[in-house]
Asks: 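My questions will all concern the structure given below.
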Amino acid sequence: MNIIIHGTKDGHKIISPKSLSGLLDVTADGAKAIALGQQAYGIRFTADNTIFSQYKIVRDVRGAKRTGFVGFSLFVPKNKKLSGEDILAVLGKVSEIFSQYIDNNNLNEVTEKWTFLDSISNEYNIKLRSVSVDDAENMQSGGKDDAFVYYSSDLELQKYFDDPYQNEYTPYRQVLFVNSNLQGKAEDPLNALRHSENDLTGKIDLDNPKYKLLFNQYTKDSIRIDVKVNGNYRSNKNIIGRKNDMEISWSKPYYQKVEKSGKWYEISSDFLFVNNNEQTVSVIEINLKPETKTITFHVFTQKDNIKVTDAEIKVDTQPWQSLSDITFTAEELGREHKIAARKGDNLFSDVVKITPKDYSAASIPLPLIEKRVVKITAKDQENSADIYQFKVHITGKDFYKVTDQIEFFGDEIYEVWNIQIEKRKEYSDSEIKKFCPARDGNEINFNLKKSKNQPTDLNSTGRSGLDSQDKKRFPNSGFDKKTPKMWVSIGFIVLGLAIGIWALYSFFGKEITLNKWEIEMYVEGDSLMLDKLNIYKENWEKQEQDFIIKSGGGIFGGAENFDSTKWKSDWKPAYESISRAIIKRELINNKNFAELRNQRYSMEYLSLITAIKKIDSTKYEEVGSQLGEVSALTLTQIAEKINKILKPKEPAKEETPREPKREENKQKPKKATSNKNEQPKEQPKPLEQKTTTPPAQKETVTSAQTYEIIQYIKGGKFKKDTLNQYLKNAGENKTLKASINLCLKLWRLNGSKNNSYFSYQEELKIDINLKDSELKDFIDKMCESKKPKYVSELPASDQRKSLSQIKSKLL
Amino acid sequence: MELKEFINKLEGHSAADIVEYLCENNIPFAVFSEAVRKNGGWDSADRRKNVQLLLKQKDDGAYNATVAVNTAEAFNNYLSLFPAGSHLAEAKTKIQQIQNARLIIEKKIKDREKMLREIKEDINEYTPDEILERLNGEVLNDLCTELGIDTQIIIDYKEPPLIFNDIPQTEEDIPSGYTDVFFWGINTSGKTCALSAIFNTINKEFSLEAPKIEKQFGATYRDSLTNIFRNDVGYLPGRTNTNRTQYIPFQLYRRGERNNRKISFFELSGEVVKYFYEIVNRVELPSINRDEAKVAFQALNLVLRSNNQKIHYFFIDYNREMKNAIDENGLSQSQYLTAASVYFRDNNDIFKKKTDAVYVIVTKSDEIKSNDRIASAKSFLRKYFGDFMDILDNQCNKNSVEFKVKIFSIGDVYFKRICKINRDYSRAIINDLITRVKPVSNCILRNILNR
């Protein structure tokens, strides 16, 4: 608290010893002498202080005697508060004591004694109350000439000083307070004080209670809340007046922004909660409507540009489904999506990547091209044992790799290819077979003859690099022509590269950085190799500290703070995924079928688990030994191998229908090869070929789909839309349909007698597919809740979310 | 008759007789009644009450008669008649009030006599409102008659309204091709009054035209100043508020002349001139309220930086220097102005490149009691403003800038606020400007050819 006396003593100046900024020269242009002796009060806000002043109209000292003023100004810091009564008492005492230096309204030209200022300051300093940072006002005066208020009594003036922070004051440099007895009279001190014509009398409502504003800048749903009060942004715990103008906005990328404005009592209780007892105004964390964008699929055959209306579409990891368009919602708009189309088993589009927010076209063109997958099998010529891990070479297709299937696209299907396989050291290379996918079907078989020099090391089966036979295959590759000098040069280059890589590795001192998406992609993928999983795990462990944000501490000391939010949301789940995948892969490699059956799996494991579930538990050991080493095989390869092992149970039935078919397929190309150009005319269309699926195969697909759907509804990722889609595809499986319908009932629950969580819980208990589902777990928890909220009460956007997301909203 | 004898014969006296006896002998009723009681008592209570009532009536009557006279003598007389009267305290208070009032009147008379004496010694000792407050009509008339002043001018006194204008905010706001004329001086040096006299003189004897610029800076302020001396006798303006810096561009003609001179006056409050001291000496003076000074200074720098030619008038208050040389900051007018001249020397080559002339004007020169007031003014400047004058002289010599000392008076000032204009000094300044500022033809073609 500081008391400063200033005024027109030989010009405007600060008269008392201490100097503070923020004081005004209030002399009017053409100040009228008739107002001499009168007084007015003022309130002004600077950055740090609120200045309460009393101005007395006096004549300047003897030299000029011009009409001026003397001002007694009390500086109260913004984080302090003094009652209006005390403020007026301070100003009154200062004024009274200083009056000894005013004679007949003339400021005496004498040297004042200022000790009285200290004693008054000391007396009232102890009456100052502290105001917390949260509650401190940040009002600042504007630049317009002073406004004024006429007050009718000392008590009213006291009230103005009790509650100085009025928004109406802010445009002005200062607000002057004048006794209403002087209004309209020549003696009105405003005739000597500079002011504008802004009369605020009657416009200040002193009944403007101050409440504490409460809000989180970011809600748990990451919605940003911004609050402006009288045009200025305010923070949580700021103080606002009942009559302040508020502007509130709720915003989140890809959601529709909501804005509300007005006094707090004018804004709906849906958006603001006013607690009069605690004097708080809380901004409600509302839900925002997601933005949506619908994009249609334009599927057509690339070959002849014919529109395909019954294609299936796959979006990201969703199952193939018949869709004409897709609506992306909320965050989906900002993410990249992979979209592909197919028709039957032969027509496929490329995978198209789009980010909806950046995608301006109304439709996505998905040209279908023909695709044919040809399986390659190899048998030992002597004992008909299956051979795996052979290399396939197709002349002219730049194809030379270990695989058991080849994909042909478009015109490739109608061409004749020279195909040869090899399994070096154990077997001699196969014969070169001429093969036309369109003519010769979807399978090609080779019989390999054992070579004379059998390998002793199974791992040296030439999976990488070129051996002596490779050199023969590439007679012009120049391997044999390399001079010793050139070999030395190559050696140096290789050495240089090695040193460079080592240096880079040493410099950065880190493994290649992984992200959780890469890990998830891999652990949910088909290959799931143990060594790679272990490398991922090791690298991910090294990255753990990167997910813990540290703050504080440092060279200046202080407590170190840790923010493990990202660790919990990103690192930990991915780490658990790798760990689970390693366990699963170890179970697979150890052929622990009993344990594998009990594991939970994603859709990518479906074929393997379906195969495992076909194995009779008594045959686990037998099948395991027949399977042999599987650590280098993909999940699909293992599944196929299991299926093959299980097939010999019905050798006659299997072999008989397949042989003629193979023969048929083989015979047709023979005819066609004589005139390749005539092939399309003679051959049935590939699309038609694929529509005739054998009954046995059809049965397998159906049960796989059923299994897929059951796993889906047992988990937490199901959505209402997808369930409806599955319901259509469930066919005649009544049990499955009932389970899906029961899942869908979740959205219809409303608390009524037969639609309560309790009645629903009973229904789930007896559903064979859902009794140990995540849905059941969720409903059990909801039944424990005293006042449970239902899905139907959630905003529509939330209702479209998955069960897991819905759970997070309701629990 | 003795009291005892009177009481012994009490039954033979009427109530009126008893009252008359008590008044004549200044005997309070309580004393008399006690003596009666000791002598056997009143013959009846009614008789005692009658006497008491009659005595009260006589007391009241006497006091009311005294109040009607309302002099100290009358109240003293009442007290002597009724020393124990019921209005004793009131009478004594009245006597005191009358004596106090007499003292006040006597003081007023003394003050008035003093005032008259002082006015006769220095006609600017008091302001019109003080005179009207203390001198009654007859005395004021007598005074004015004696001084040769129209009483009605004092009675009609009112502060002249001044309407201020916006000032340039950017360099683009300052029109080029003008000669910027600065009026420097601390507060009370008379800058505003000088400007009003100059504008009024231009109005009466020369021609002034609004500038051909987009923003009409200073237009209403110029007219306000011109009107102060509309009737030759004018009421002088009050002090200029700290942040009332004014920029007043105009076109000046001699009467009948086609060519004009583009001139802009720049006036700023005396408080801002003091701020030069802080800037140049890099100190903070205790009494400077620098918030508003800084704002004014920004506008000033804007004009100073412009490429327009400049003429500087330094106003020195002769009166002030002779009476009260040092202010609260312990500094003199000379030191403040020296700081200003140092600032011009060291900043933006103001003297070197852009200055046409520098004039030191000793204002209120009517106070100089000498036959050769110019010589006395120079002597005064040498004595009190040596440093300031040397810096200006050196700079002007070095940069071939005209440097002159002049005296100035707006006319006969009385009662601090009333002035009968003397246009001689203003005319001299206007002629200086006409001489120094190159005229510009209104003919566009000629202007192009002259470039």
Side-chain angles (χ1 to χ4, degrees), chain A residues 4-37 44 46 51 57 59-69 71 73 103-106 109-112 114 141 143 145 173 186-187 191-194, chain B residues 111 122 124-130 132-134 157-164 186-190 192 221 224 228 235-244 269-274 284-296 317 319-320 323-324 327-329 364 415-417:
Chain A
I4 310 289
I5 300 177
H6 61 117
T8 49
K9 188 182 178 190
D10 191 15
H12 181 237
K13 61 180 60 163
I14 295 167
I15 304 170
S16 55
K18 198 163 187 174
S19 180
L20 282 177
S21 65
L23 297 170
L24 298 173
D25 180 351
V26 292
T27 309
D29 303 327
K32 289 188 168 53
I34 197 162
L36 284 162
R44 169 171 161 78
T46 64
I51 307 174
I57 313 303
R59 286 187 201 91
D60 200 340
V61 289
R62 199 167 164 239
K65 276 198 173 180
R66 295 187 290 194
T67 305
F69 72 96
S73 294
D103 177 21
N104 251 330
N105 297 322
N106 290 316
E109 205 170 11
V110 293
T111 304
E112 300 88 348
W114 298 111
S141 293
D145 276 357
R173 300 190 315 169
E187 300 86 48
N191 286 327
L193 296 171
R194 186 167 160 183
Chain B
D111 284 348
D122 180 359
N124 287 311
E125 185 64 30
Y126 293 97
T127 58
D129 55 287
E130 284 180 291
L132 290 172
E133 186 184 311
R134 296 190 209 175
Y157 170 79
K158 61 179 180 181
E159 294 80 0
L162 293 179
I163 304 169
F164 290 85
I186 63 167
N187 44 296
T188 73
S189 58
T192 309
Y221 183 58
S224 303
I228 285 175
Y235 300 128
L236 299 178
R239 67 175 284 270
T240 307
N241 193 301
T242 310
N243 69 2
R244 286 302 196 195
S269 108
E271 284 86 342
V272 182
V273 175
K274 286 188 175 181
E284 285 197 352
L285 299 175
S287 74
I288 296 277
N289 181 18
R290 59 193 60 78
D291 290 349
E292 291 178 326
K294 279 180 183 172
V295 175
D317 183 348
N319 224 1
R320 179 193 181 93
K323 287 179 179 172
N324 183 18
D327 71 0
E328 286 84 354
N329 296 320
K364 305 176 188 176
F415 306 134
K416 286 190 177 291
R417 301 282 182 273

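The sequence lines fix the lettering, A, B, ..., with proteins before strands; numbering per chain opens at 1. Since the structure is predicted, the reported quantities are computational estimates derived from the model, not experimental observations.
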Asks: Let me know if Lys274(B) has heavy atoms under 4.5 Å from chain A in its side chain, its backbone, both or neither.
Replies: side chain
Asks: Is it the side chain or the backbone of Ser16(A) that comes within 4.5 Å of chain B heavy atoms, both, or neither?
Replies: neither
Asks: Using a strict cut-off of less than 4.0 Å between a Lys/Arg side-chain nitrogen and an Asp/Glu carboxylate oxygen, indicate whether Arg417(B) and Glu159(B) qualify as a salt bridge.
Replies: no
Asks: Looking only at side-chain N and O atoms, does Asn241(B) offer a donor or acceptor that is under 3.5 Å from a partner on Asp29(A)?
Replies: no
Asks: If the condition is salt bridge (charged side-chain N to carboxylate O under 4.0 Å, His left out), which residues does Glu112(A) pass it with, not counting sequence neighbours?
Replies: Lys9(A)
Asks: Pick whichever of Pro161(B), Pro237(B), Pro128(B), Gly238(B) has the most heavy-atom pairs under 4.5 Å with chain A.
Replies: Gly238(B)
Asks: At a heavy-atom separation under 4.5 Å, does Ala31(A) approach chain B through its side chain, its backbone, both, or neither?
Replies: backbone
Asks: Under a 4.5 Å cutoff for heavy-atom pairs, which residue among Arg194(A), His6(A), Lys32(A) has the most contacts with chain B?
Replies: Arg194(A)
Asks: Between Arg134(B) and Asp111(B), does any NZ, NE, NH1 or NH2 come within less than 4.0 Å of an OD or OE carboxylate oxygen?
Replies: no
Asks: Quick check for you: among Asn106(A), Thr67(A), Asn105(A), which has the greatest number of heavy-atom pairs under 4.5 Å with chain B?
Replies: Asn106(A)
Asks: Taking Ile186(B), Leu162(B), Asn187(B) one by one, which has the highest count of heavy-atom pairs under 4.5 Å against chain A?
Replies: Asn187(B)
Asks: What part of Glu133(B) is in contact with chain A, defined as an atom under 4.5 angstrom from a non-hydrogen atom: side chain, backbone, both or neither?
Replies: side chain
Asks: For the pair Glu271(B) (side chain) and His12(A) (backbone), establish whether a donor and an acceptor sit closer than 3.5 Å, ignoring hydrogens and angles.
Replies: yes
Asks: Heavy-atom cut-off 4.5 Å, strictly under: side chain, backbone, both or neither for Pro160(B) against chain A?
Replies: backbone
Asks: Checking heavy atoms, do the side chain of Ile15(A), its backbone, both or neither come under 4.5 Å from chain B?
Replies: neither
Asks: Report which part of Tyr157(B) has an atom under 4.5 Å of a heavy atom belonging to chain A: side chain, backbone, both, or neither.
Replies: neither
Asks: Can you see whether Asp25(A) engages Thr242(B) through a side-chain donor-acceptor pair at a distance of less than 3.5 angstrom?
Replies: yes
Asks: Show your working on salt bridge (charged side-chain N to carboxylate O under 4.0 Å, His left out) between Glu125(B) and Lys416(B) and close with a plain yes or no.
Replies: CA-CA 7 Å; Glu125(B) 185 64 30; Lys416(B) 286 190 177 291; over 6 Å; no
Asks: With distance as the sole criterion, is a donor-acceptor pair present between the side chains of Thr8(A) and Arg66(A) under 3.5 Å?
Replies: no
